[in-house]
Amino acid sequence: QVQLVESGGGSVQAGGPLRLSCAASGGTLSTYAMAWSRQTPGVWRELVSVFDWTGGRLYDADSVKGRFTISRVNALNTVFLQMDNLKPEDTAVYLCAASTTSNIHTEYWYTYVYEYWGQGTQVTVSS
């Protein structure tokens with residue numbers, strides 16, 4: 001059973017950077033499709049960025065494209081989300097997720113394909 005733990009969240013001023021980490025145990029992330037998502041109270045969870053088990057990028061939300069970068073360091077069994085030029089509307093709980101779905105290249109949009117989720121880390125961006 002894969003366990004995912006996010007870290008790196010906090011409070012930043014608008015325009016600042018932040019780097020989130022998702023460390024995995026119980027499995028090797030290079031064998032999973034990985035995603036970052038975000039959620040605010042009363043709002044549907046938003047898929048932010050996804051790549052497949054080879055590291056090939058599958059999706060970036062239009063709202064973060066050009067500002068957020070997802071990456072993986074296999075030696076650390078960790079996935080990162082580098083966030084630059086943060087905006088107040090980026091405020092959310094950020095969660096990482098992993099999927100073993102064989103159809104990930106066509107199913108990545110659907111959150112149900114991600115079997116494993118972290119508990120999330122809070123990002124707060126002030127103006």
Side-chain angles (χ1 to χ4, degrees):
Q1 194 75 225
V2 174
Q3 303 292 320
L4 304 174
V5 179
E6 302 95 337
S7 62
S11 297
V12 298
Q13 292 292 118
L18 204 61
R19 190 190 194 192
L20 306 182
S21 300
C22 176
S25 61
T28 302
L29 288 185
S30 62
T31 66
Y32 295 85
M34 294 296 302
W36 281 98
S37 63
R38 62 187 182 184
Q39 187 170 12
T40 56
V43 179
W44 289 103
R45 186 173 297 172
E46 177 187 16
L47 192 64
V48 174
S49 188
V50 186
F51 60 35
D52 66 17
W53 53 88
T54 72
R57 190 178 304 279
L58 296 178
Y59 174 80
D60 289 307
D62 288 342
S63 59
V64 306
K65 192 172 297 182
R67 299 189 298 119
F68 291 9
T69 303
I70 189 171
S71 62
R72 182 184 67 202
V73 179
N74 290 339
L76 300 177
N77 210 27
T78 300
V79 171
F80 298 93
L81 184 68
Q82 177 66 46
M83 305 182 293
D84 296 310
N85 192 24
L86 284 162
K87 303 175 181 179
E89 52 263 42
D90 295 320
T91 296
V93 174
Y94 284 74
L95 306 98
C96 66
S99 175
T100 61
T101 302
S102 60
N103 297 324
I104 192 65
H105 290 91
T106 57
E107 302 286 345
Y108 65 87
W109 176 251
Y110 305 102
T111 58
Y112 74 83
V113 308
Y114 301 99
E115 301 101 321
Y116 307 104
W117 292 84
Q119 295 299 306
T121 185
Q122 176 71 47
V123 172
T124 302
V125 185
S126 59
S127 60

Task: Test applied, side chain to side chain contact (heavy atoms under 4.5 Å, CB included); reference residue, Leu58; option that passes from Leu47, Thr106, Val50 - done: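 Between Leu58 and the candidates, side chain to side chain contact (heavy atoms under 4.5 Å, CB included) is satisfied uniquely by Val50.
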
- [ ] Answer yes or no: is there a side-chain heavy-atom contact under 4.5 Å between Asp60 and Trp36?
- [x]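 No; the side chains remain at least 4.5 Å from each other.
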
Task: Any donor-acceptor N/O pair, Asn77 side chain to Leu29 backbone, under 3.5 Å - done: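 Yes, Asn77 side chain to Leu29 backbone: donor-acceptor pair under 3.5 Å.
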
Task: Short side-chain to backbone donor-acceptor contact, Arg72 and Trp53, under 3.5 Å - done: yes

Task: Residues Ser99 and Glu107: side-chain donor-acceptor under 3.5 angstrom - done: no

From [X] [atom1] over to [Y] [atom2], what is the distance, rounded to the nearest 0.5 angstrom?
X      : Y      : atom1 : atom2 : value
Tyr114 : Ile104 : OH    : CD1   : 4.0 Å
Leu4   : Tyr32  : CG    : OH    : 9.0 Å
Ser63  : Phe68  : OG    : CZ    : 7.5 Å
Tyr112 : Thr101 : OH    : OG1   : 7.5 Å
Leu95  : Gln119 : CG    : CD    : 8.0 Å

On a heavy-atom basis, which atom in [X] and which in [Y] lie closest, and how many Å separate them?
X      : Y      : value
Met83  : Leu86  : CB-CD2, 3.8 Å
Thr111 : Trp117 : O-CZ2, 3.8 Å
Ser127 : Ala14  : CA-CB, 4.2 Å

- [ ] Share the residues that join Leu76 in a hydrophobic cluster, the rule being Ile, Leu, Val, Met, Phe, Trp or Tyr side chains under 4.5 Å apart at the heavy-atom level.
- [x]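 Answer for Leu76: Val73, Phe80.
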
Transitive ILVMFWY side-chain link [X] to [Y], under 4.5 Å:
X      : Y     : answer
Val12  : Leu20 : yes
Tyr116 : Met34 : yes
Leu81  : Val5  : no

Task: Gln122, CD atom: more than 12 neighbouring heavy atoms under 6.0 Å - done: yes

- [ ] Kindly state each residue pair satisfying side chain to side chain donor-acceptor pair (under 3.5 Å) with at least one member in residues 1-30, sequence neighbours excluded.
- [x]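 Qualifying pairs, neighbours excluded: Gln13-Ser126.
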
TODO: Scan residues 82-95 for pairs that pass side chain to side chain donor-acceptor pair (under 3.5 Å), counting only residues two or more places apart or in two chains.
DONE: Arg38-Asp90, Arg38-Tyr94, Arg67-Asp90, Gln82-Asp84

- [ ] Give me the ring orientation class for Tyr59 and Tyr108: parallel if the planes are under 30° apart, tilted from 30 to 60°, perpendicular past 60°.
- [x]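 Ring orientation of Tyr59 relative to Tyr108: tilted.
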
